[in-house]
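So that the names make sense, note that chain A is the first sequence line, chain B the second, and so on, each numbered from 1.
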There are 2 protein chains.
Amino acid sequence: MTLQESIKQNKFKDEHHKLMLNLIYSGGLIQAEQTRFFKPYEISPQQYNVLRILRGQQTKPVSIGLLQERMLDQMSNASRLVEKLKQKALVTRNECKQDRRQMDVCITKAGLNLLEQIDAKIEAFEKRVTNLSKAEAKTLNELLDKLNT
Amino acid sequence: MTLQESIKQNKFKDEHHKLMLNLIYSGGLIQAEQTRFFKPYEISPQQYNVLRILRGQQTKPVSIGLLQERMLDQMSNASRLVEKLKQKALVTRNECKQDRRQMDVCITKAGLNLLEQIDAKIEAFEKRVTNLSKAEAKTLNELLDKLNT
DNA sequence: CAAATATATATGTATATACATATATTGTAA
DNA sequence: TTACAATATATGTATATACATATATATTTG
């Protein structure tokens, strides 16, 4: 459902104005879909983001600050996300020996297992953008990168 | 700051996968900027969305359900947004005489005044997409509409 | 060496949505 | 006419970010 169909409005001030609304709208659609996709796994898209960053670091501990830098939304509250994941035994969190202000966060085996289960299904979810060709996806990415420079 | 610069990652599985992250990222950037822009006016972007819909209806009362249909995020909780705006005296909310389940929501003079103040400044905010040409904005809109079909 | 400053994280409070339930009213069917 | 179903909205609880403050630790400065 396009932006116009969704909000039942056809006239926008100009293409730039429409673009801003369209980006908020399109990003929101994907996020809502992600939330629905992750629901059976009992984690949020943001928690998934954290787990993915931790898996990428393999066994190397990650600080709360580093996590936050790597989050898709850099204003995410990494502290709270980690606390929730700890409650679910998907991560561990320990004081860093070198700097006791810092925390060492690592993914657990359960966390890795969960990501494996999700990996098996996520392609189906990611299909939602495949009505655009690869060339069109590339164009969109280039324009978004230019927009965000 | 592009997606890659932001999350410090250059490799994506493919252009489609990158696109999904890029859309979430780009939409989030705009929303965060909107939140900052509206902060001095003491309303949220979602409350602004409600006021704009009400202004568009002029003096015609709007039901909670109709509001919700017109919201940019159709999963918005229109009830609560209206309640907050009522507390700020920016809208009125009365029982509909024809159907007492429904509420009639209207914008107040104070609400209209606030929108006028915002209108005077919002062009500066909307400039954030003008590093794309009109043709590029149009292309992006077309691709986003195709994506969301 | 101690005080001041900076850093890292946790937590408080407010708002927004996700998902669910409750309540009141209207419409429909028997 | 009444019971049932549907509709409209409000509210509860959980999670996430926005913005702020608090606490502990490390670094810097005098």
Contact list for DNA chain D against residues 61-83 of chain A - heavy-atom distance below 4.0 Å:
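When residues 61-83 of chain A is checked for heavy atoms under 4.0 Å from DNA chain D, the hits, listed by number, are Asp73(A), Met75(A), Ser76(A), Asn77(A), Arg80(A), Leu81(A).
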What are the residues of residues 29-48 of chain A, sorted by number, that bring a heavy atom to within less than 4.0 Å of DNA chain D?
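Residues of residues 29-48 of chain A that come under 4.0 Å of DNA chain D are, in numerical order, Ser44(A), Gln46(A), Gln47(A).
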So, does Gln47(B) use its side chain to make a donor-acceptor pair with the main chain of Leu85(B) at under 3.5 Å?
no
Lys8(A), NZ atom: more than 12 neighbouring heavy atoms under 6.0 Å:
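Enclosed: over 12 neighbouring heavy atoms sit under 6.0 Å from NZ of Lys8(A).
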I would like to know whether Arg80(A) and Lys84(A) meet side-chain contact (heavy atoms from CB on, under 4.5 Å); could you show each step before the answer?
CA-CA 6 Å; Arg80(A) 284 180 165 127; Lys84(A) 287 298 176 185; 5.7 Å; no
Below 3.5 Å, can you tabulate the donor-acceptor pairs from side chains in residues 15-26 of chain B to any protein atom, sequence neighbours excluded?
unit_1   : atom_1 : unit_2    : atom_2 : d
Glu15(B) : OE1    : Asn141(A) : ND2    : 2.7
His16(B) : NE2    : Leu132(A) : O      : 2.8
His17(B) : NE2    : Glu126(A) : OE2    : 3.4
Lys18(B) : NZ     : Asp145(A) : OD2    : 3.1
Lys18(B) : NZ     : Gln4(B)   : OE1    : 3.2
Asn22(B) : ND2    : Asn141(A) : OD1    : 3.1
Asn22(B) : ND2    : Asp145(A) : OD1    : 3.4
Tyr25(B) : OH     : Met1(B)   : O      : 2.6
Ser26(B) : OG     : Asn148(A) : ND2    : 2.9
Ser26(B) : OG     : Asn22(B)  : O      : 2.7

Heavy-atom distance under 4.5 Å between the side chains of Gln102(B) and Ile64(B), does that happen here?
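They are not in contact (no side-chain heavy atoms under 4.5 Å apart), so the answer is no.
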So Leu140(A) and Leu144(B), do their side chains get closer than 4.5 Å, heavy atoms only?
yes
Does anyone know the first and last nucleotide of DNA chain C in reach of chain A, 5' to 3', at under 4.0 angstrom to a heavy atom?
dA6(C) to dC19(C)
Residues 114-123 of chain A side chain polar contacts: donor-acceptor under 3.5 Å, at least two apart:
unit_1    : atom_1 : unit_2   : atom_2 : d
Asp119(A) : OD2    : Arg55(A) : NH1    : 2.9
Asp119(A) : OD2    : Arg55(A) : NH2    : 3.3

Of all pairs that satisfy ring-ring contact (aromatic ring centres under 6.0 Å, His included), the ones with a partner from residues 40-73 of chain B, not counting sequence neighbours:
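Found Phe37(B)-Tyr41(B), Phe38(B)-Tyr48(B).
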Take Leu72(A) and Leu3(B) through the test side-chain contact (heavy atoms from CB on, under 4.5 Å) and record every step on the way to the result.
CA-CA 8 Å; Leu72(A) 199 54; Leu3(B) 170 67; 3.6 Å; yes
CG/Leu67(B) to CG/Leu54(B) distance, rounded to the nearest 0.5 angstrom?
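One finds 5.0 Å between CG of Leu67(B) and CG of Leu54(B).
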